[in-house]
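Structure, as structure tokens:
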There are 2 protein chains.
Amino acid sequence: MTKHAKLAPSACGECPIRHRAVCSKCDADELTELEAIKYYRSYEAGQTILWAGDQMGFVGSMVSGVATLTQTMEDGRTQMVGLLLPSDFVGRPGRDSAAYNVVATSDVVMCCFRKSPFEDMMARTPHIAHRLLQMTLDELDAAREWMLVLGRKTAREKIASLLSIIARRDASLGLGVATGRVVFDLPLTREAMADYLGLTLETVSRQISALRKDGVIVLDGKRHVTVPDMDRLMDEAGDDNDGGMLI
Amino acid sequence: MTKHAKLAPSACGECPIRHRAVCSKCDADELTELEAIKYYRSYEAGQTILWAGDQMGFVGSMVSGVATLTQTMEDGRTQMVGLLLPSDFVGRPGRDSAAYNVVATSDVVMCCFRKSPFEDMMARTPHIAHRLLQMTLDELDAAREWMLVLGRKTAREKIASLLSIIARRDASLGLGVATGRVVFDLPLTREAMADYLGLTLETVSRQISALRKDGVIVLDGKRHVTVPDMDRLMDEAGDDNDGGMLI
DNA sequence: TCGAGGCCTTGACCCAGATCAAATAGGACG
DNA sequence: CGTCCTATTTGATCTGGGTCAAGGCCTCGA
């Protein structure tokens, strides 16, 4: 097996950045250079990793845990604009400050690269720049996809959309199975889900109960979810999407 | 005045791409090369420029007119995910197909570059790649900003947000005035505004009437808008934002 | 000048989801 | 074990915005 084999991101070395930013054309010298500017950070659940407007001295990628990207209005209304899961990128290469609050939802470990050497390397190494552009385009697609969820879906469809995104993502990082039976732990509180979906936590709770009563999901405790039939869930989400896009 | 002077995008040559993609470090050879692969396309109001999934043979930038980026669910619910105004980029360099429908709202002229030579050039020219990354990050920020509008704002705030975005944008392309009195034409029908805001066209119409009654805006006909006090409008939009970000 | 077809506005009524208010269920910790 | 604390569920009621319906107002073409 070569080191360029098509693997799930997290399977490519301990540090996902290897896959996500450089692995598609990785090269021993580049990896050595990256090693030299790499370090780890960890955060406890609830800790704010970055405040909107903070200077960022690093770019990084999530190794474990869950974090959220949120915006808040002065009256306290908040909207989550992104969910950071393992292998996601944190920080905006080419920008010098954070645009949103980044909050650790669970304990988080991040693999960081010092910003200016990383950017120098990016400027010298077209395929890293290209990879970053691709990743940013992926995020843009995800954000736009989410605009449809926020603007046009009902509460039930919103919940189903969120569950299917998390389920699909977990399935693709794990076994690569995106249909049939899927089991995962919800990495978010009801309130965080509400902030992601533009709902109240009461509505989130009610809709989850409804999906459980209708057999779309099975709950074990409050967080452990089993989806007996992924197709059914995606149907509830209103996605015409055929389940795909692994890699 | 050097050709690197800080100008509004549309002021830098007839073709906005010069400023938006390359002008910050432009160079005679590069511009000549770009000229060689450049051509223009025009579309009539109502025409679909690209369907989601279409192959794109070009990357381009809007010269005049207005176009929209939309997603549709199979039952017909639609959500606009972006508004393309002069100087905006069309098409996703590094991707080979469109992700959304692109529809001309008014007559449109676009400046296009043939895709593969443009991408080759991008791979060779780090500052073009960097500029494109910046532009993509700007779009990502705009999309995330819009998620707050869609998820957490009331109908009145949504209308005020849309009006202030258009007003600010027009003002910055024109006179560079972003406070005080602003006059512009709405480039969208009520229905398109509704699709952008996740509302119905009736609600859009009612809220516009309400803002007019309250003196926040003055309407001359259905499309011509005067904002007597930009600060008041931004206040209605719920933006804590101080009006800025020209450049 | 008239009529048709798009837009847009306005009214009446309804309902999905918000709001307000308890009650319940787990943990963590002594 | 009991106690506190937080997350969650559930109920009752309210309301912003959706839905359905009826005109009004342009513009364009005959």
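Hydrogens, waters and symmetry mates are skipped; everything else that's a heavy atom, side chains included, is used. Residue numbers start from 1 in every chain, and the chains themselves are labelled A, B, ... in the order their sequence lines are given, proteins ahead of strands.
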Whole-Å distance separating the [atom1] atom of [X] from the [atom2] atom of [N]:
{"X": "A:Met193", "N": "D:dA7", "atom1": "CE", "atom2": "P", "answer": "15 Å"}
{"X": "A:His224", "N": "D:dT8", "atom1": "NE2", "atom2": "C1'", "answer": "18 Å"}
{"X": "A:Arg190", "N": "C:dG26", "atom1": "CZ", "atom2": "P", "answer": "12 Å"}
{"X": "A:Lys222", "N": "C:dG27", "atom1": "NZ", "atom2": "C1'", "answer": "11 Å"}
{"X": "B:Leu219", "N": "D:dC25", "atom1": "CG", "atom2": "P", "answer": "15 Å"}
{"X": "B:Asp195", "N": "C:dC7", "atom1": "CG", "atom2": "P", "answer": "13 Å"}
{"X": "B:Leu201", "N": "D:dG17", "atom1": "CG", "atom2": "C1'", "answer": "13 Å"}
{"X": "A:Ile159", "N": "C:dA16", "atom1": "CD1", "atom2": "P", "answer": "16 Å"}

Sidechain-backbone polar pair: B:Asp88 side chain, B:Leu85 backbone, donor-acceptor under 3.5 Å = yes
A:Ser205 side-chain proximity, nearest of D:dT10, C:dA18, C:dT10 =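 Per side-chain heavy atoms of A:Ser205, the pick is D:dT10.
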N/O to N/O distances under 3.5 Å, protein versus nucleotides 3-5 of chain D:
none

Within the pair [X] and [N], is there a side-chain N or O less than 4.0 Å away from OP1 or OP2?
{"X": "B:Thr200", "N": "D:dG18", "answer": "yes"}
{"X": "A:Ser209", "N": "D:dT10", "answer": "yes"}
{"X": "A:Thr203", "N": "C:dA18", "answer": "yes"}

Sugar-phosphate, base or nothing in reach of A:Leu199, heavy atoms under 4.0 Å | sugar-phosphate
So what does A:Gly198 touch, heavy atoms closer than 4.0 Å: a base, only the sugar-phosphate, or nothing?
->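 Sugar-phosphate, no base atom in range.
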Give a yes or no on this: more than 12 heavy atoms of other residues, nucleotides or ligands lie within 6.0 Å of atom CD of A:Glu191.
-> no
First encountered from the 5' end of DNA chain C, between A:Gly221 and B:Arg152 =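 Upstream on the strand: B:Arg152.
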Only one of B:Asp195, B:Asp75, B:Thr78 passes side chain to side chain donor-acceptor pair (under 3.5 Å) with A:Arg152; say which it is.
->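 Filter result, single survivor: B:Asp195.
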Could you tell me whether A:Trp51 and A:Tyr100 have their ring centroids closer than 6.0 angstrom?
-> no
Please tell me if the side chains of A:Lys38 and A:Cys111 come closer than 4.5 Å, counting only heavy atoms from C-beta onward.
-> yes
Stepwise side chain to side chain contact (heavy atoms under 4.5 Å, CB included) test for B:Arg212 and B:Gln207 = CA-CA 8 Å; B:Arg212 184 171 43 71; B:Gln207 295 299 333; over 6 Å; no
Side chain of B:Glu202, base of C:dC8: donor and acceptor closer than 3.5 Å?
-> no
Is there a donor on the side chain of B:Glu191 or the base of C:dC7 sitting less than 3.5 Å from an acceptor on the other?
-> no
Could you tell me how the ring of A:Phe58 sits relative to the ring of A:Tyr39: parallel (under 30°), tilted (30 to 60°) or perpendicular (over 60°)?
-> perpendicular
When you look at B:Arg156 and B:Asp214, which way does the salt bridge (Lys or Arg N to Asp or Glu O under 4.0 Å) test go after all the steps?
-> CA-CA 12 Å; B:Arg156 175 187 263 243; B:Asp214 297 347; 2.2 Å; yes
Residue pair A:Arg223/A:Arg206 against DNA chain D: nearer the 5' end by closest nucleotide is A:Arg223
